[in-house]
Every structure is written in C-alpha cells, then in structure tokens.
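Note that the numbering runs from 1 along the sequence shown for the chain. Given the structure is predicted, the values throughout are model-derived calculations rather than measurements.
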Amino acid sequence: MDLALPPRVTPRAFERLSEIGAADQGKALRVAVEGGGCSGFQYQIELGEPEEGDLKLEGAGETVVVDEVSLPFLSNAVIDFTEELVGARFTIDNPNAASSCGCGVSFSM
C-alpha cells in the first residue's frame, strides 16, 4: 500500500503569501478540492482562516492549509505561484490528476 505524501508548497508560493501579507491578516492560503468543473473535480484556492482538522504547511512565516476531505486528492501535489502573460496565480501540479482542463482549475482522477 502506498503511503500518501502530503502536498508540498514551493518557496515562491510562500513568498507570494508574504508579499500579500496573509499571515499579518491572520489568514492562510486554503487549498481545497470540490466536485464540479469541466473535468469532474475543481480546485478552490482562497485566503481563509485555518480550521481544526486542517493539515498546515508552514514556511517563511506563512501557512497553507488543506482540509481532511481534500487531502487524499492532493497527495504529493506541488502548490506553486506562477506569473505568466495571462496573469499571476497560485497553481497546483497534481500527480493524481488523470487529465485537466486548459485553465488548470479542474481535473479528473
């Protein structure tokens, strides 16, 4: 049986959270997986309050949280921040996703 590895957050993602002052506002980056989207599941990424039962990933004084229901879907995923011509955003590189839509917000397993 494979041991599920927690998601990893890149230094660049923690840096961006620091730039927007997330911890100063008492907030964490919440990464969740919900049903829906064009491929079956979709990511929800927002600033929010850490809650009981969340996995907390900490770095550079900032926190990223994942709820217990979303955690299995994000095993060994990499949470990053990218800046491209189309805009800057937090991204998720998820090895569990069988396919994803062009915008990278929804995926299937």
Donor-acceptor list for residues 20-29 side chains, cut-off 3.5 Å, not counting sequence neighbours:
residue : atom : partner : partner atom : Å
Q25     : NE2  : I20     : O            : 3.1
Q25     : NE2  : G21     : O            : 3.2
K27     : NZ   : E49     : OE2          : 3.4

Tell me, do L57 and P7 make a side-chain contact under 4.5 Å, heavy atoms counted?
-> yes
Between Q42 and Q44, a side-chain donor and acceptor under 3.5 Å = no
Would you call N96 and S75 a side-chain contact if the rule is heavy atoms closer than 4.5 Å?
-> yes
Tested for side-chain hydrogen bond (donor to acceptor under 3.5 Å, both in side chains) against R30, the lone hit among D54, D67, T63 is D54
Looking just at side-chain N and O atoms, do T10 and D80 make a donor-acceptor pair shorter than 3.5 Å?
-> yes
Tell me, yes or no, whether the heavy-atom count around E83 atom CD, taken from other residues, nucleotides or ligands under 6.0 Å, exceeds 12.
-> no
Shared hydrophobic cluster, V69 / Y43 (ILVMFWY, side-chain heavy atoms < 4.5 Å) | no
Yes or no on side chain to side chain contact (heavy atoms under 4.5 Å, CB included) for I45 and I92, after CA distance, side-chain angles and deciding distance?
-> CA-CA 10 Å; I45 302 172; I92 298 169; 3.9 Å; yes
Of all heavy-atom pairs linking A60 and F14, the shortest is CB-CB, 4.1 Å
Check whether any side-chain N or O of S70 sits under 3.5 Å from a backbone N or O of V33 as a donor-acceptor pair, and report yes or no.
-> yes
Taken to the nearest 0.5 Å, the spacing of D93 CG from L74 CG works out to 11.5 Å
Can you see which heavy atom on A13 is nearest to which on I79, and at what distance?
-> CB-O, 3.8 Å
Under a 4.0 Å N-O cut-off, is there an ion pair linking R12 with E15?
-> no
If you take all heavy atoms of K56 and P50, which pair is closest and at what distance?
-> CE-CB, 3.8 Å
Does the side chain of F81 reach to within under 4.5 Å of the side chain of L17, using non-hydrogen atoms?
-> no
Answer yes or no: does atom CD of E68 have more than 12 heavy-atom neighbours from other residues, nucleotides or ligands under 6.0 Å?
-> no
Donor-acceptor pair, N94 side chain versus F73 backbone, under 3.5 Å?
-> yes
Close side-chain approach of F90 and T82, heavy atoms under 4.5 Å = no
Can you find a heavy atom in the side chain of V65 that is under 4.5 Å from one in the side chain of L55?
-> no
